[in-house]
Structures are given as C-alpha cells and as structure tokens.
Engineer: 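I'd like to ask some things about the structure below.
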Amino acid sequence: MYDIIIIGAGPAGISAAVYGKSRGKNVLVLEKNQVGGLIGTVSTVTHYTAIVDGESGQSFAARMKEQALRAGVEIRYENVIETKLTGEIKKVVTNKDTYESQTLILANGGSGRILGIPGENLKGVRLNAPKDGSAYKGKHVYVIGGADGAVKEALYLAQIAGKVTIVCVEDELICIQEFKDKVVTHDNIEIMPHASLTAVYGKEAVEELEFTDNQTGEKQRVRDTDCGVFVYAGIIPNTQMYTELKLDGGYIPVDESMQTEVRGVFAAGDICVKQVRQVATAVSDGAIAGIHAAAVCG
C-alpha cells in the first residue's frame, strides 16, 4: 500500500513525486518508457527558468531522474493497463503487478498525434530530431507542423540537414516570435504554407510524398528518395483508460488543487484541461498535486 501513486514520469509526475516525498509520504511512480516523457525526446529545452545552457531533452530528463531518486522516490518501469479510481483505496494494474494507494496522481501526458495518412509507417517517417537527425546530414528533411515544437526541431535540424522544409497547415508559422526570427536567419529553411502531407509512397522507405494545398485542394507529388519526415502535429492526451472520469475534449478537468471530480484522484500536466502547456506549467501542476495529495493522506 502506497500513500501516493503517480502515473507518468514527465516533468509533472516527477515534480509531484518530489513534493509528495518531501512530506514524508510513500510514493511510487509508474512509467512505461523512460523518465522525461515527451520533453525527454526533444532536441533542446527552452525558456524554463534557470535552465542550463545547451540543455537537451535527454539531459533535462536525466537530471529529473537523478533528483527523484536522490529524494528516495521509487520508480518502476511498467505499463499501466487499468485503474480503479473510485473508493477510498485506489488500484492500479500494470503489465507486471497490481498496486494500491490512498491517492493517485494522473500525469501520463500525451502521445504524438499521428497523421493517419497512407504510408505513415514507412521507414523515414515519424522520425525524432535528436535521435535520427544525424542520419540526414546534408540531406533534405521535412518537418510537419508550424507550432513551437515543430519549428524548434526544424531549427535544430537546420544545423545538420542540407535543406529543411516546414510543412505548415496554416498560412504562416504559428510559433512564438523568437522562433520566427530565427527561421529567417537560416537560408536552408523553406516554409510550405497552407499545406498538408496527405500521403507517403514507397516499398519500404520513403520514395515519394504527396502534399495538398489547403486553399485550393490541389495535390502535388514530390519524388524524394533520400529524405526524412519529422512529424510534430500536436499531442493526444493519454486518458483512454480513465473511464470513471468525465473528460472535456479528451482532457481531465481539475480544480485549483489539481483534484479531479473523484476525491483522492489528482491530475497534472498536459493531460489536464488548461490553456498553457509548457514544462513550467507541468512542474507547477505537479507541485500543487503532490502537496494536496500528501495532505489528503493525512
């Protein structure tokens, strides 16, 4: 029996764990992949207060893990497949075991949105910039998405690839001004406005790409046999298993204490209904959830 079980080891989950542990509570973090969540997969972490120079997602995640373990937080790498939220005792079932706790914090964030187009599973599609970027040195890469996350990765790839094409659904980039200003300083970045990638063709790897003009509906097929496609088309909240909660657009509503409609069940980070989804807000959510969950335990 644990005082607090936290599902997810991203910034929100680790923050909640550290704050819960500091209150003398027995805390378990369950994570299916690795500490860091989505932030651990990005090329660079920006704008977080007191960030170290050149911070990568991987180094940021490593320091999060080190801090949690130093605090005495228990982390288990298991895939949660079922939860029982109602009742005084909460239950979490994983692919390896079953756990019980007084309180539960849902902090398992979101997963990258798939495009749902033909050929999306071909080799060379849905790549990760820091992991796969070096394989495309001097080559042509496409970044799908025009928001902050996509453009930040495009800027990183521009230092490696020969050419970067940002495929933007909107008429122009919708990222912050800082990133827009940086884009224009790179002569190897090209923007394809009001366009969508609608199909990828090839036997095993990418051979040809189809783009659709979102204004005219006109389709254009481009043959490019040695390119990479990096998709950053937003996230889908990982809330499918929480059938006992009423969701709002797939996200979990919470009050100012980060508590859901079920007493003793909290949520933190990108999984929640909120206006701003940043590392800073995830850490804040986690701190609030961890403190209030500890208080509920008594």
Side-chain angles (χ1 to χ4, degrees), residues 10-11 33-64 112-113 115 120 122-197 200 202 205-209 211 222-235 277-280:
N33 292 319
Q34 58 188 6
V35 172
L38 286 179
I39 197 65
T41 67
V42 304
S43 59
T44 51
V45 180
T46 55
H47 308 125
Y48 189 74
T49 304
I51 202 75
V52 301
D53 187 40
E55 183 83 281
S56 69
Q58 188 175 21
S59 63
F60 187 76
R63 290 193 292 108
M64 283 172 43
R113 184 187 300 272
L115 299 175
E120 190 167 6
L122 287 172
K123 182 180 178 181
V125 184
R126 298 194 63 81
L127 300 173
N128 174 274
K131 179 182 177 182
D132 304 308
S134 61
Y136 293 88
K137 184 176 182 180
K139 299 179 181 180
H140 189 187
V141 301
Y142 297 84
V143 173
I144 312 303
D148 290 355
V151 179
K152 182 167 67 173
E153 299 309 299
L155 290 167
Y156 170 78
L157 289 166
Q159 303 173 66
I160 303 169
K163 180 180 179 181
V164 178
T165 298
I166 302 176
V167 183
C168 181
V169 172
E170 293 81 9
D171 292 342
E172 60 181 11
L173 299 179
I174 57 171
C175 61
I176 60 174
Q177 190 62 44
E178 176 187 333
F179 294 162
K180 289 181 181 179
D181 293 343
K182 288 181 177 179
V183 164
V184 299
T185 67
H186 289 79
D187 57 11
N188 64 334
I189 296 181
E190 179 181 289
I191 300 171
M192 184 186 293
H194 50 80
S196 297
L197 176 65
V200 182
V206 179
E207 296 178 11
E208 195 171 10
L209 304 99
F211 299 100
V222 177
R223 185 158 183 83
D224 200 335
T225 59
D226 202 20
C227 69
V229 182
F230 297 78
V231 179
Y232 298 97
I235 66 168
R277 291 186 171 86
Q278 295 286 333
V279 177

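These values consider heavy atoms only, across backbone and side chains, with no hydrogens, waters or symmetry-generated copies.
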Engineer: Using modelled atom types only, decide if a donor and an acceptor are shared between the side chain of Arg113 and the backbone of Ala233 within a distance under 3.5 Å.
Structural biologist: yes
Engineer: Let me confirm one number: the OG1-CD1 distance from Thr44 to Ile51, rounded to the nearest 0.5 Å.
Structural biologist: 9.5 Å
Engineer: Kindly give the heavy-atom pair with the smallest separation between His186 and Ala158, and that separation in Å.
Structural biologist: CD2-CB, 3.7 Å
Engineer: Under the 3.5 angstrom rule, does the side chain of Asn188 hit a backbone N or O of Ala161 as a donor-acceptor pair?
Structural biologist: yes
Engineer: With a 4.5 Å cut-off on side-chain heavy atoms, are Asp171 and Pro193 touching?
Structural biologist: no
Engineer: What's the shortest heavy-atom distance between Ile160 and Gly133, and which atoms?
Structural biologist: CG2-O, 3.4 Å
Engineer: Of the non-hydrogen atoms in Val183 and Leu173, which two are nearest, and what is the gap between them?
Structural biologist: CG2-CD1, 4.2 Å
Engineer: Closest approach of Cys227 and Leu209, non-hydrogen atoms and distance?
Structural biologist: SG-CD1, 3.8 Å
Engineer: Could you grab the distance from atom NZ of Lys182 to atom CD1 of Ile189, nearest 0.5 Å is fine?
Structural biologist: 11.0 Å
Engineer: Which value, rounded to the nearest 0.5 Å, describes the distance between Asp148 atom CG and Thr46 atom OG1?
Structural biologist: 8.0 Å
Engineer: Strictly distance-based, threshold 3.5 Å: is any side-chain N or O of Lys139 a donor or acceptor partner for the main-chain N or O of Gly228?
Structural biologist: no
Engineer: Which atom names give the shortest non-hydrogen contact between Ala147 and Cys175, and what distance separates them?
Structural biologist: C-CB, 3.8 Å
Engineer: Could you tell me the separation between the CE atom of Met192 and the SG atom of Cys168, rounded to the nearest 0.5 Å?
Structural biologist: 11.0 Å
Engineer: What's the spacing between Asp224 CG and Asp226 CG if we round to 0.5 Å?
Structural biologist: 7.5 Å
Engineer: When you measure from the side chain of Glu153 to the backbone of Ser43, do you find a donor-acceptor pair of N or O atoms at a distance under 3.5 Å?
Structural biologist: yes
Engineer: Would you check if the distance from the ring center of Phe211 to the ring center of Tyr142 is below 6.0 Å?
Structural biologist: yes
Engineer: Looking at Asn128 and Thr41, would you say the former's side chain and the latter's main chain have a donor-acceptor pair under 3.5 Å?
Structural biologist: yes
Engineer: Flag yes if more than 12 heavy atoms outside Glu208 fall under 6.0 Å of its CD atom; otherwise flag no.
Structural biologist: yes
Engineer: Given Leu157, which partner from the list Asp132, Ile166, Leu127, Val164 fulfils the side-chain contact (heavy atoms from CB on, under 4.5 Å) test?
Structural biologist: Val164
Engineer: Between Pro11 and Phe60, which heavy-atom pair has the shortest distance, and what is it?
Structural biologist: CG-CE2, 4.4 Å
Engineer: When rounded to the nearest 0.5 angstrom, what is the spacing between CD1 in Ile39 and CE in Met64?
Structural biologist: 9.0 Å
Engineer: Is the CD atom of Glu120 crowded by more than 12 outside heavy atoms at less than 6.0 Å?
Structural biologist: yes
Engineer: Has Lys131 got more than 12 heavy atoms of other residues, nucleotides or ligands less than 6.0 Å from its NZ?
Structural biologist: no
